Protein chains: 2
Amino acid sequence: MKRSFQIDMPKVETFNRELVIKHATGVFHDKGYNAASMQDLVDATGLNRSSIYNSFGSKLDLFLLCLKSYQYGFHKKTTAVLLDADNAINAIESLFYMYMDIMLKDNNDRGCLITNCVSEMANHDEKITSFLKQNQSSMLDFMEALVKKGQLNNNINTNKTANEYALYLFSSLQGFRMTGILVQNKKHLTSIIKTILQTLN
Amino acid sequence: MKRSFQIDMPKVETFNRELVIKHATGVFHDKGYNAASMQDLVDATGLNRSSIYNSFGSKLDLFLLCLKSYQYGFHKKTTAVLLDADNAINAIESLFYMYMDIMLKDNNDRGCLITNCVSEMANHDEKITSFLKQNQSSMLDFMEALVKKGQLNNNINTNKTANEYALYLFSSLQGFRMTGILVQNKKHLTSIIKTILQTLN
DNA sequence: TTAATTTTGAAACGTTCATTTCAAATAGAT
DNA sequence: ATCTATTTGAAATGAACGTTTCAAAATTAA
């Protein structure tokens, strides 16, 4: 990592870092952290064992990068959805539908990488737990801002505070993602979304 | 397993089968399936390696027994809660509070063993997936019957069918259990429960 | 071309994994 | 006491694990 301090810059990384992380993310997403072996990652990325360690540190370090990349991917998709929506309730609804599309795309959905990570690793590794808490916190902030806007524009009722609805939506979204792993039925999933949102109207 | 066909019945199992499964369940619940090693199970149960294989088959077989035992434990707790409740909406609420108590009891909740299993293993192993689907199906049936009763007694509104509310509650419960892993805050969890139930009134 | 630095490949590291093996100890039924 | 089937303990199995090592190949600035 002293590359920028060097005068010479011989042999530089040849592989596409983003692509490698994308492939690694696929492995972790499909198998989970513990069941994903270094050999799986070697096979999926096309990189050599030692190259992975050279460039990414350890399996856990690589996993953390995948989590962050996944989080960023969500962030990008989300802002795209939000720009399209004319009001808060539609934005939230579109968000759920965006997830549903992802869930139904693969025949065997493996759920949300981050939610799976909560289930598999929360309160075990410190770095992971710290990431998960930060992720949760930013998700809640995001939801709260969205609800607050909806309440100001009278799209969302004020039976509960924005903070309370944010917690509810956060919890509901996790449940929805979990449910979709086994319920691969568009009608059922749509019904769940409608019922989740019913209380906000 | 030909024991019952034998005339003689020498040396019989000495350990308490239920207790062994309870201890094994603790390990699986804490670490997840993949991260739980046979050594962990040997340590936790006090049984010898070979005794575990003799009496329970494989690690996966033992895990399946733990899942079933966990499911049965839920069933027992649930029926106790239901007998105490005077109406369906109270029953559902008590159910969520029952979960909350479990979640707050341990400082570091590890979520629901079965939900974690969905996240870690669904759509991988056939036996596991079959168990999970059966569990989901019976949970949905249970919820639907409860909601139907509530709707008959005018405790639960008929904006949605009992089947739709069952799906919603099932999804919500999973989300609630996931959320509780990182949100160890009674006020927040209580708020989530209230918001989940608001739509049924 | 040379010097500098990284990637690469292949092998090996020591550990841990789930599972098996088997002789010895054990205990119920006769 | 004897027979019979099972549990038990300890060791061993081979495979897979994450990680390290290191010489050779590769690449680029000078």
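Each chain gets a letter, A, B and so on, in the order the sequences are listed, and its residues count up from 1. This one's a predicted model, so the numbers in the text were calculated from it and none came from an experiment.
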Under a 3.5 Å cutoff, is there a donor and acceptor pairing between the side chains of Ser51(A) and Asn54(A)? no
Grab the CE-P distance between Met38(A) and dT16(C) for me, whole Å please. 19 Å
Between Ser55(B) and Ile52(B) (side chain of the first, backbone of the second, donor and acceptor by atom type, cut-off under 3.5 Å), is there such a pair? no
Inter-residue atom distance Ile114(B).CD1 - Phe131(B).CZ, 0.5 Å rounding: 4.5 Å
Donor-acceptor pair, Ser172(B) side chain versus Tyr168(B) backbone, under 3.5 Å? yes
Near-ring test Phe96(B)/Phe176(B), centroid separation under 6.0 angstrom: yes
Report yes or no: do Arg49(A) and Gln39(A) form a side-chain donor-acceptor pair below 3.5 Å? yes
Whole angstrom is fine here: how far is it from CD in Gln39(A) over to C1' in dA10(C)? 12 Å
In whole Å, what is the span from the CG atom of Asn48(A) to the C1' atom of dC22(D)? 12 Å
Can you confirm whether Leu67(A) sits close enough to Ile128(A) that some side-chain heavy atom of one is under 4.5 Å from a side-chain heavy atom of the other? yes
Any salt bridge linking Lys194(A) with Glu93(A)? Criterion: basic side-chain nitrogen under 4.0 Å from a carboxylate oxygen. yes
Tell me, which pairs form a side-chain hydrogen bond (donor to acceptor under 3.5 Å, both in side chains) where one or both residues lie in residues 76-85 of chain B, sequence neighbours left out? none
Checking contacts here: which listed nucleotide (dT7(C), dT8(D), dA10(C)) is nearest the side-chain heavy atoms of Phe15(B)? dT8(D)
Indicate whether any N or O donor in one side chain lies under 3.5 Å from an N or O acceptor in the other, for Asn116(A) and Ser119(B). yes
Between P of dT7(C) and CG of Leu47(A), the distance in whole Å: 9 Å
Return yes if a side-chain donor-acceptor contact under 3.5 Å exists between Asp109(B) and Gln184(B), otherwise no. no
Would you say Ser50(A) reaches dT8(C)'s phosphate, i.e. side-chain N/O to OP1/OP2 under 4.0 Å? no
Distance-only criterion, 3.5 Å: show the donor-acceptor pairs between side-chain atoms of residues 140-152 of chain A and protein atoms not counting sequence neighbours.
{"residue": "Gln151(A)", "atom": "NE2", "partner": "Asn157(A)", "partner atom": "O", "Å": "2.9"}
{"residue": "Gln151(A)", "atom": "NE2", "partner": "Lys160(A)", "partner atom": "O", "Å": "2.9"}

Check each residue of residues 21-35 of chain A for a non-hydrogen atom within less than 4.0 Å of any atom in DNA chain D, then write out the ones that pass by number, or none. none
For Leu189(B) and Gly180(B), the nearest pair of non-hydrogen atoms, with its separation, is CD2-CA, 4.1 Å
Just how large is the angle between the end axes of the helix from dT1(C)-dA30(D) to dT30(C)-dA1(D), five pairs per end, to 10 degrees? 10°
DNA chain D: 5'-proximal contact among Gly46(B) and Ala36(A) (nearest heavy atom): Gly46(B)
Please work out which residues in residues 57-66 of chain B have a non-hydrogen atom less than 4.0 Å from an atom of DNA chain C and list them by number. Ser58(B), Lys59(B)
Return the value, rounded to whole Å, for the distance between atom CZ of Phe56(B) and atom P of dA18(C). 16 Å
From CG of Asn54(B) across to C1' of dA18(C) the rounded distance in Å is 15 Å
With side chains defined as the heavy atoms from C-beta onward, is the minimum distance between Ile156(B) and Ile92(B) less than 4.5 Å? yes
Separation of dG9(D) P from Ile52(B) CD1 (nearest whole Å): 12 Å
Each nucleotide in nucleotides 11-16 of chain D should get exactly one letter: B, S or -. Can you fill that in based on protein heavy atoms under 4.0 Å? B-----
Picking from dT7(D), dA10(C), dA18(C), which would you name as closest to the side chain of Tyr53(B)? dA18(C)
